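Working notes, beginning with the structure itself.
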Amino acid sequence: MTDTQPDTAPDAGPDTRDEERAEERRHLERREKWIRRLPLLPALLFTIVITQVPFVFSLFYSLTDWKIIPPTPRTFIGFDNFTDLVDNQFFRDAAWVSVVMTASAVLLSLILGTGIALLLDRKFFGQGFVRTLLITPFLVMPVVAGLVWKNQVFSSQYGVINWLLNLVGIDNVEFVTRYPLWSIVIVLVWEWTPFMMLIILAGLQGQPTDVLEAARVDGATNRAIFFQITLPHLKPYLELGTLLGSIYLIQVFDQIEVITGGGPDSSNIPFFVFQRSIGGGWDFGAASAMSIVVVIASIVLANLGLRVLSGLLEGEDPA
Amino acid sequence: MAEVRYEGATRLYEGTEEPAVNALDLDIVDGELLVLVGPSGSGKSTALRMLAGLESVDQGGVYIGGRDVTLVPPKDRDIAMVFQNYALYPQMTVAANMGFALKQQGVPKEERVRQVREAARILDLEPYLDRKPKNLSGGQRQRVAMGRAIVRRPQVFLMDEPLSNLDAKLRVQTRTELADLQARLGVTTVYVTHDQVEAMTMGHRVAVLKDGFLQQVAAPKELYSRPANLFVAGFIGSPAMNLITVPVEDGVASLNDLSLPLPDDVRAEVNRRGLKEIVFGVRPEHLELGQEGTSGEVAVVEELGSEAYVHVRIAHGAETELIVVRVGGETSVTRGDFVNFGVTGANHYFDPDGDRLDAKPVPGAG
Amino acid sequence: MSSDTGLVVGQKRWTSWALGLLAWAVGLLFFFPIFWMVLNGFKEEIDANSSPQLFFDPTLDRYRDVTSETPGLLGFKEAFANSFWIVLISTILVMILAVPAAYSLAIRPVRKWRDVLFFFISTKFLPIVGAILPLWIIARDLDLLNTRTVLIILYTAMNLPLAVWMLRSFFMEVPRELIEAAQIDGAGLRGQLTSVVMPIVAPGLAATALLCVIFAWNEFFLAVQLNPVDGSTMPIWVTSNVSTRGNFLAKLSAASTLATLPVVLAGWVAQKRMIRGLAMGAIK
Ligand SMILES: Nc1ncnc2c1ncn2[C@@H]1O[C@H](COP(=O)(O)OP(=O)(O)OP(=O)(O)O)[C@@H](O)[C@H]1O
Ligand SMILES: [Mg+2]
């Protein structure tokens with residue numbers, strides 16, 4: 001059959017054929033590359049333009065002295081805005097609130113979520129219904145969550161908690177005024193526990209049953225099974241929960257706005273930036289500097305997070 | 001229908017050092033069923049997928065029916081493929097699965113239905129045409145995958161371990177049916193398996209691959225009786241050929257008490273290469289228990305009913321070696337017995353580096 | 001598939017009962033604030049603004065109150081319509097952008113797919129607050145402040161990374177062999193997509209879109225910064241029911257219930273698949 005090659009001219013030896021092919025192959029590869037890239041480009045460009053370009057502007061604003069109301073001309077002042085921040089007690093408070101709020105809300109909701117997921121990962125009457133009840137807080141509009149808790153749960157006059165406290169003879173406590181930060185954290189935990197629970201539940205249900213059975217046959221106690229098999233299996237899910245939770249919780253704004261409306265004890269950096277700029281301060285230079293600080297902090301956090309992520313994506317290669 | 005040709009075809013996966021398929025040259029004649037066999041990771045699937053167009057050919061080329069298809073996308077190659085996991089479209093019925101390719105070709109509906117029915121009849125799938133794949137048994141799914149391939153009447157069938165998900169009994173049965181179907185349709189077929197029994201029973205010719213290199217292509221009988229190198233000798237045959245390194249002196253190899261005078265052509269080759277040791281190969285059926293020969297202790301007896309394999313432990317230098325001897329069924333030999341065995345037939349001699357040492361057979365013979 | 005985590009075997013029956021009961025208790029506790037909100041929406045103001053009571057004469061008047069229009073103020077109908085269009089259009093845009101991108105990351109991956117995916121996700125790490133001032137300035141200069149357009153664009157950007165992330169994981173679930181089989185069967189890109197890929201990922205698409213809807217519907221920060229006036233959305237309408245004078249609790253509850261309902265229903269329907277998309281995207 002070696003001599004039946006209708007496609008190739010009889011005098012085209014293997015060498016010329018190979019060269020032709022190499023040429024065409026290069027051409028096809030280039031085309032293929034673009035075919036693969038093309039579907040990505042719109043999303044990529046859009047994301048860059050909307051999310052990255054503004055940061056460049058922020059960076060620029062942060063180096064200027066610039067108030068919009070009353071309108072003052074923009075003047076370049078170098079890093080003054082940043083050095084001012086160090087002395088700014090309010091900013092330091094806000095930074096501290098950010099840290100406490102994010103860390104405690106993530107941690108508490110993760111622990112509670114895991115506990116509840118373990119409760120739900122067993123057969124009992126009304127399992128699906130209880131799960132549906134439990135995810136609802138996550139679906140509720142954050143603004144609504146804040147308002148409901150403030151006015152109907154925490155409130156000293158009409159709140160359910162104080163009513164219960166009164167029943168056992170304790171005097172009214174104005175929670176939101178006395179404990180502004182923790183009031184907000186409670187609401188955040190209430191909203192995010194369901195989310196954590198669902199992620200952990202996905203992990204629990206993806207747990208291979210044969211391993212559990214093998215462990216039981218080997219005589220492991222329930223405790224041992226939990227700590228030595230279930231928990232290690234859940235690790236990536238716990239990491240994912242922490243990651244996604246932190247991304248969202250570091251940016252909390254809505255609940256602060258409706259529960260306390262800010263104040264040194266409860267406004268985190270995003271809220272403080274808002275207050276100093278669009279929310280009435282109109283000091284865009286200083287506010288930009290603050291937002292740059294958040295961005296830098298987030299980049300540090302993101303790097304840690306991405307390391308976790310790359311651990312998660314390890315070994316999974318669709319190529 | 002068409003012949004298939006690989007011409008120096010090479011595939012180097014990104015991020016790997018060695019090509020998965022290395023300068024493969026292979027001619028497959030029209031209507032042939034060629035089996036690609038080899039251990040795991042030897043490049044069988046890669047070679048098949050290069051022909052399908054699912055992997056790019058980095059060097060050299062592939063031809064189908066004389067047409068250079070090296071750079072042609074899969075959809076224009078006019079081939080059909082049966083996947084190991086069948087790859088049936090889950091949301092389509094059996095009929096839709098089988099008719100999908102025809103639909104892509106723009107075959108009108110009535111014609112499609114007719115052809116699907118015809119294929120379903122051949123494969124006994126008619127009662128299942130309206131079912132979804134998930135409601136079929138493994139064997140039925142396998143037949144649907146076959147049906148999807150034959151409806152097309154393609155130039156070439158490509159099959160990648162199509163039987164490996166079936167249970168042992170069904171596999172043996174389907175194997176025969178498949179070979180029969182292929183013969184009836186007369187479509188050139190490239191069939192990948194790692195099961196050498198499947199390869200030997202089905203293939204018109206068998207190509208053995210190892211580490212991306214083609215070791216030998218030959219009809220099953222020749223592959224068995226004249227393995228081209230040590231690897232093929234050890235790979236083909238079950239139980240495997242006994243292969244044992246023995247010293248050579250003056251044209252005579254010796255295995256303990258056995259003297260094995262080498263044939264002339266082997267002797268010449270040994271001298272030419274200046275070998276002091278060679279690998280001596282003999283199949284279990286070419287050994288015989290008796291009074292003569294060398295002796296050893298029986299380690300295991302595998303009783304298969306019609307025959308039995310006796311594993312004899314013999315001293316070999318400082319170590320021991322197991323030699324497998326085939327005997328008739330219901331043998332009285334048991335573990336722990338001391339037995340003698342001798343050589344009765346075809347011996348194979350290899351350079352320890354791998355080459356077969358006797359003269360090449362005349363091209364075209366065999 | 002429920003893999004009992006080992007709490008059951010070897011446990012006495014009553015422990016099992018007690019744990020089930022505990023689960024119910026926790027579930028009801030978490031749901032209570034919502035239950036209470038719904039309940040209060042059916043009360044007279046005077047009943048809502050007194051010590052908590054479970055039994056009362058239900059009335060729909062508060063719903064009538066909150067949905068009635070007051071000239072010059074953001075009304076329910078207007079806010080709902082704004083939210084509806086903003087959420088709908090932004091979600092459609094997200095899907096239009098994210099589906100091809102996810103396809104590119106999962107099925108025919110670009111060489112640096114990992115980096116690209118990281119980039120998308122990393123944009124979620126950068127707090128919006130870092131961009132809000134320039135966005136406000138740009139929106140003001142382009143005359144987009146207080147328009148629906150600005151929210152549509154930003155909600156699209158906000159949900160895009162998450163959508164890409166989730167869709168990629170759904171696309172990853174399409175067996176490679178199926179696409180190869182379709183290629184060999186002679187299907188072009190369109191045939192592969194419509195006949196093989198889409199039917200498999202459709203439920204995942206729906207779940208992703210739903211999650212985008214939920215986030216966009218509930219979004220408050222950007223709405224308050226960039227569009228607090230005319231073209232504004234449901235969350236802002238809810239807060240507008242908080243008044244500094246007079247009792248508003250029952251009205252607020254009714255408004256909150258109205259604003260929350262669509263998304264809660266959607267979430268209930270899609271709960272399982274949404275989480276699978278989020279969790280499986282990272283963990284295989
Ligand atoms: N996508 C890939 N990227 C990199 N290396 C690959 C890829 N696919 C296969 N390989 C490597 O190429 C070699 C040949 O693989 P191939 O799948 O062809 O083997 P095979 O003979 O079909 O084995 P098996 O019997 O296990 O199916 C192996 O070493 C494998 O690791
Ligand atoms: Mg293979």
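First the proteins, then the strands, lettered A, B, ... as listed; each starts at 1. Predicted, not measured: the structure shown is a model, and the values here were computed from it.
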Out of curiosity, [X] [atom1] to [Y] [atom2], how far, rounded to the nearest 0.5 Å?
{"X": "A:Leu243", "Y": "C:Ile121", "atom1": "CG", "atom2": "CD1", "result": "8.0 Å"}
{"X": "C:Met158", "Y": "A:Thr51", "atom1": "CE", "atom2": "OG1", "result": "13.5 Å"}
{"X": "C:Trp268", "Y": "A:Thr136", "atom1": "CH2", "atom2": "OG1", "result": "5.0 Å"}
{"X": "A:Leu120", "Y": "C:Leu19", "atom1": "CG", "atom2": "CG", "result": "11.5 Å"}
{"X": "A:Leu119", "Y": "C:Leu22", "atom1": "CG", "atom2": "CG", "result": "5.0 Å"}
{"X": "C:Ile132", "Y": "A:Phe274", "atom1": "CD1", "atom2": "CZ", "result": "9.5 Å"}

For this session: Check the pair A:Leu40 / C:Trp113 against side-chain contact (heavy atoms from CB on, under 4.5 Å), numbers first and verdict last.
Result: CA-CA 10 Å; A:Leu40 254 174; C:Trp113 67 270; over 6 Å; no
Heavy-atom cut-off 4.5 Å, strictly under: side chain, backbone, both or neither for [X] against chain A?
{"X": "C:Phe35", "value": "neither"}
{"X": "C:Leu249", "value": "both"}
{"X": "C:Trp136", "value": "side chain"}
{"X": "C:Val224", "value": "side chain"}
{"X": "C:Thr257", "value": "neither"}
{"X": "C:Val99", "value": "neither"}
{"X": "C:Ile128", "value": "both"}
{"X": "C:Ile137", "value": "side chain"}
{"X": "C:Leu133", "value": "both"}

For this session: Identify the residue among A:Tyr61, A:Phe55, A:Phe60, A:Phe284 that makes a side-chain contact (heavy atoms from CB on, under 4.5 Å) with C:Pro134.
Result: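 It is A:Tyr61; the other options fail the test.
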Problem set entry | Of C:Asn218, C:Val263, C:Val264, the residue whose pairing with A:Met141 passes side-chain contact (heavy atoms from CB on, under 4.5 Å) |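 Running side-chain contact (heavy atoms from CB on, under 4.5 Å) over C:Asn218, C:Val263, C:Val264 with A:Met141 returns exactly one hit, C:Asn218.
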Least distance between heavy atoms, [X] atom then [Y] atom:
{"X": "A:Arg122", "Y": "C:Gly20", "value": "NH1-N, 3.8 Å"}
{"X": "C:Gly267", "Y": "A:Leu139", "value": "CA-CD1, 3.6 Å"}
{"X": "A:Trp190", "Y": "C:Phe30", "value": "NE1-O, 2.8 Å"}
{"X": "C:Leu97", "Y": "A:Pro42", "value": "CD2-CB, 3.6 Å"}
{"X": "C:Ser256", "Y": "A:Val144", "value": "CB-CG1, 3.6 Å"}
{"X": "C:Thr123", "Y": "A:Gln52", "value": "CG2-NE2, 3.6 Å"}

Is [X] in contact with chain C via its backbone, its side chain, both, or neither, using a 4.5 Å heavy-atom distance?
{"X": "A:Leu44", "result": "both"}
{"X": "A:Val143", "result": "side chain"}
{"X": "A:Val148", "result": "side chain"}
{"X": "A:Trp66", "result": "side chain"}
{"X": "A:Val294", "result": "both"}
{"X": "A:Gln251", "result": "side chain"}
{"X": "A:Glu32", "result": "side chain"}
{"X": "A:Ile292", "result": "neither"}

Exercise. Between A:Met290, A:Arg131, A:Arg223, which residue shows the highest count of heavy-atom pairs closer than 4.5 Å to chain C?
Worked result: A:Arg131
For this session: Go through the structure and list residues passing side-chain hydrogen bond (donor to acceptor under 3.5 Å, both in side chains) with A:Thr132, not counting sequence neighbours.
Result: C:Gln271
Problem set entry | Residue selection (most heavy-atom pairs with chain A, distance under 4.5 Å) from C:Val164, C:Leu160, C:Leu154 |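 Of the candidates given, the most pairs with chain A belong to C:Leu160.
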Exercise. Within the side chain of A:Trp149, is there an N or O that forms a donor-acceptor pair under 3.5 Å with the backbone of C:Pro33?
Worked result: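 Side chain of A:Trp149 to backbone of C:Pro33: no pair is present.
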For this session: Can you label the angle between the C:Phe215 ring and the A:Tyr248 ring as parallel, tilted or perpendicular, going by 30° and 60°?
Result: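 Judged by the thresholds at 30° and 60°, the geometry between C:Phe215 and A:Tyr248 is parallel.
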Exercise. With a 4.5 Å limit on heavy-atom distance, are the side chains of C:Leu135 and A:Phe57 in contact?
Worked result: no
